[in-house]
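Per chain, numbering begins at 1; letters A, B, ... match sequence-line order.
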Amino acid sequence: MAVEEKQETGFVKDIRKQSVDFPGWYNDVVRKAQLADNSPVAGTMVIRPYGYAIWENIRDPLDELIKQTGHENWYFPALIPLSFLQKEREHVEGFAPEFQLVTKGGGKDLEEPLVLRPTSETMIASVLRDYIQSYRDLPVLTNQWNNVFRWELKARFFLRTREFLWQEGHTFHETATEAEEEVARMLECYRQIAEEWCAIPVLAGRKSETEKFAGAQYSTAIEGMMVDGKALQMATSHYFGENFTRAYDLTFTGRSNERQFPHSTSWGMSTRMVGAVVMAHGDDSGLQLPPRIAPVQVVIIPIFRSDAERHQIEAALPGVLDELDDIRVKVDWRDERPGFKFNEWELKGVPLRIEIGPRDLAKGEAAVVRRLDRLKKAVPLGELALTVPAMLEKIQEALFERARGFREKHTVRLTSLDAVVKFFDTEIGFAVTPWCGRSEDELTVKERTTATTRVILPGSGRPEGPCAICGRPAVTDVAWGKAY
RNA sequence: CGGGGCGUGGCGCAGCCUGGUUAGCGCGCUUGCUUUGGGAGCAAGAAGUCGAGGGUUCGAAUCCCUCCGCCCCGACCA
């Protein structure tokens with residue numbers, strides 16, 4: 001009893017309860033798990049090595065996919081002349097409130113202010129204008145990994161900061177069809193990263209007119225559900241048509257010798273994804289990482305009392321590590337008690353823990369414990385090479401299935417405004433309804449529930465019955481949710 | 001920008017109302033000993049221009065004024 005109480009206060013001391021204060025819990029987990037911390041500059045954060053390692057484990061497979069689909073990495077400057085942004089009306093109107101301006105250089109006022117890039121459509125169109133002459137130059141498939149700046153009013157770790165890291169892809173195509181295929185192709189890459197690597201099931205589809213990117217013909221996105229039932233947009237992919245190329249007078253000579261505007265796209269996934277992983281899988285014990293993106297997949301905790309026992313474990317370790325050859329393993333030899341390490345590595349979300357002590361060694365075994373459910377299993381040392389990878393895979397699947405089950409449990413199909421209002425009043429999650437597509441309906445719902453349309457669900461064709469909000473003929477199904 | 005709160009060792013706070021010169025407590029940190037299979041115990045120690053500036057006073061963390069910074073709540077966004 002005494003032990004239990006102590007444990008309880010230990011956890012309360014470290015992180016707030018997820019069920020009681022979700023934003024507080026999130027904040028605590030990010031800092032205590034050492035993913036990120038506040039920085040000296042308001043609205044920005046320091047990404048610490050453990051958090052950055054997670055980002056790298058998301059970034060690397062995504063970069064691989066981007067290259068596999070024919071794109072090349074470029075680098076464009078972070079400082080963009082203000083006039084560039086002003087060429088596309090919708091675009092500048094959408095982003096102007098978020099500009100951060102550089103007005104001085106070398107102690108003197110600049111002739112033209114430079115904007116810290118909020119995104120690079122304008123810079124890239126300006127540059128590629130010189131490189132694209134003929135249909136033979138198309139498509140141009142660019143990507144760049146960089147930081148962008150947006151003057152956000154309230155910051156939250158990974159989810160919304162004034163500076164963040166992402167990848168932005170920008171492509172230029174001869175035809176609309178080709179460009180639209182590109183938009184869908186990259187959205188599919190994002191779905192893959194989210195579902196197969198981050199174990200977060202997503203809804204993928206178009207955004208409504210009001211939710212689309214400033215300057216786009218249409219936007220698509222993947223949306224995930226966090227464990228508080230709120231929606232998080234985890235990546236976007238936009239079709240611009242000729243909007244940007246016309247604004248920048250970026251033309252090419254077509255197959256029958258006429259000047260044409262390329263159809264362009266852009267798409268991005270950011271460090272927000274790290275926040276998504278925290279909020280999609282974490283629990284009251286802290287972070288929980290899908291094995292495929294966990295910086296440490298297996299932590300080994302040696303357990304010993306005497307020097308003799310310590311030496312015994314030291315002697316056995318090379319063999320154990322040899323078994324775990326292709327796995328990201330960390331051995332925690334720090335001078336702390338085992339119980340402390342158990343709790344700390346659980347807080348940091350490591351999927352598997354291996355305890356090796358005299359009792360285990362006597363039997364030629366190790367105790368393997370899952371972060372998922374603390375299930376403990378004795379595994380013969382010689383079988384670790386087979387068992388551990390299988391367990392990691394199973395955990396990866398289990399996290400995905402659990403998240404999917406949660407989302408399904410919290411997704412309802414509704415057919416009236418009253419039902420939608422009541423749902424968001426009393427429940428959490430997504431409401432799917434038939435919808436006519438009018439922005440007025442989104443306003444109505446937002447005013448009464450704060451929920452917005454997240455994605456227009458593809459594939460189902462024309463839904464049965466009238467628009468749930470206004471009763472006009474419905475043209476599509478749409479998912480509503482309260483969003484981050 | 002409008003409404004509410006807060007600035008005191010790295011972190012979290014007490015002290016302030018009712019001024020008094022050694023400014024405390026918890027966590028963390030350092031060292032040592034004992035511990036070690038679910039967040040250890042004891043002992044010794046280091047660490048603070050009390051957000052900044054000005055004023056009142058014999059004397060200011062404490063009272064007054066100004067400024068700065070931060071957090072929460074109302075309008076945008078990956």
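The nucleotide whose nearest atom lies closest to any side-chain atom of A:E346 is, among B:rG38, B:rC77, B:rU36, B:rG38. For A:W166, counting side-chain heavy atoms from C-beta on, the closest listed nucleotide (B:rA78, B:rG38, B:rA40) is B:rA78. Side-chain proximity of A:V369 to B:rG38, B:rG37, B:rA78: nearest is B:rG38.
Across all strands, A:G357 comes closer than 4.0 Å to base atoms (heavy-atom distances). A:K154 comes within contact range of at least one nucleobase, with a heavy-atom separation under 4.0 Å. Among the atoms of the strands shown, base atoms are found under 4.0 Å from some heavy atom of A:L159. Within the nucleic acid shown, A:A42 comes within 4.0 Å of sugar-phosphate atoms alone, with no base atom in reach, counting heavy atoms only. Heavy atoms of A:R353 sit under 4.0 angstrom from at least one base atom. Residue contacts shown for A:E152 include a base, since a base heavy atom lies under 4.0 Å away. Across all strands, A:P118 comes closer than 4.0 Å to no nucleic acid atom at all (heavy-atom distances). Across all strands, A:T161 comes closer than 4.0 Å to base atoms (heavy-atom distances). Residue contacts for A:F99: at a heavy-atom cut-off of 4.0 Å it reaches no nucleic acid atom on any strand shown.
Atom CZ in A:F157 sits about 24 Å away from atom P in B:rC77, given to the nearest Å. One interatomic measurement links the two molecules: CD1 of A:I15 to C1' of B:rG39, which rounds to 12 Å at whole-angstrom precision. Spacing between atom CZ of A:F304 and atom P of B:rG37 amounts to 11 Å, rounded to whole angstrom units. For A:K207 and B:rC76, the NZ to P distance is 15 Å, given to the nearest whole Å. Taking atom CG of residue A:D335 and atom C1' of nucleotide B:rG28, one finds them 16 Å apart after rounding to whole Å.
A donor N or O paired with an acceptor N or O is not found under 3.5 Å between the base of B:rG39 and the side-chain atoms of A:E344.
One C1' atom belongs to B:rG5, the other to B:rC13, and the distance between them is 16 Å to the nearest Å.
One finds a salt bridge joining A:E346 and A:R353 here, because a Lys/Arg side-chain nitrogen approaches an Asp/Glu carboxylate oxygen to under 4.0 Å. Here A:K348 does not pair with A:E344 in a salt bridge; the nearest charged N to carboxylate O distance is not below 4.0 Å. Taking 4.0 Å as the cut-off between side-chain N and carboxylate O, A:K482 and A:D228 do not count as a salt-bridged pair. Ion pairing between A:R191 and A:E195 holds under the 4.0 Å rule for side-chain N and carboxylate O.
With hydrogens and angles disregarded, no donor-acceptor distance shorter than 3.5 Å links the side chain of A:K207 to the backbone of A:E211.
Nearest-nucleotide mapping onto RNA chain B: of A:Y484 and A:L347, the residue sitting toward the 5' end is A:L347. Nearer to the 5' terminus of RNA chain B, by closest-nucleotide assignment, is the contact made by A:A155 (compared with the other of A:A155 and A:A235).
Across all strands shown, B:rU57 forms no Watson-Crick or G-U wobble pair with both distances under 3.5 Å. The partner of B:rA43 is B:rU31, by the rule that a Watson-Crick or G-U pair needs both atom distances under 3.5 Å.
An OP1 or OP2 oxygen of B:rA78 is reached within less than 4.0 angstrom by no side-chain nitrogen or oxygen of A:R150.
By the 5.5 angstrom centroid cut-off and the 30-degree plane limit, A:F342 is classified as not stacked against the base of B:rG39.
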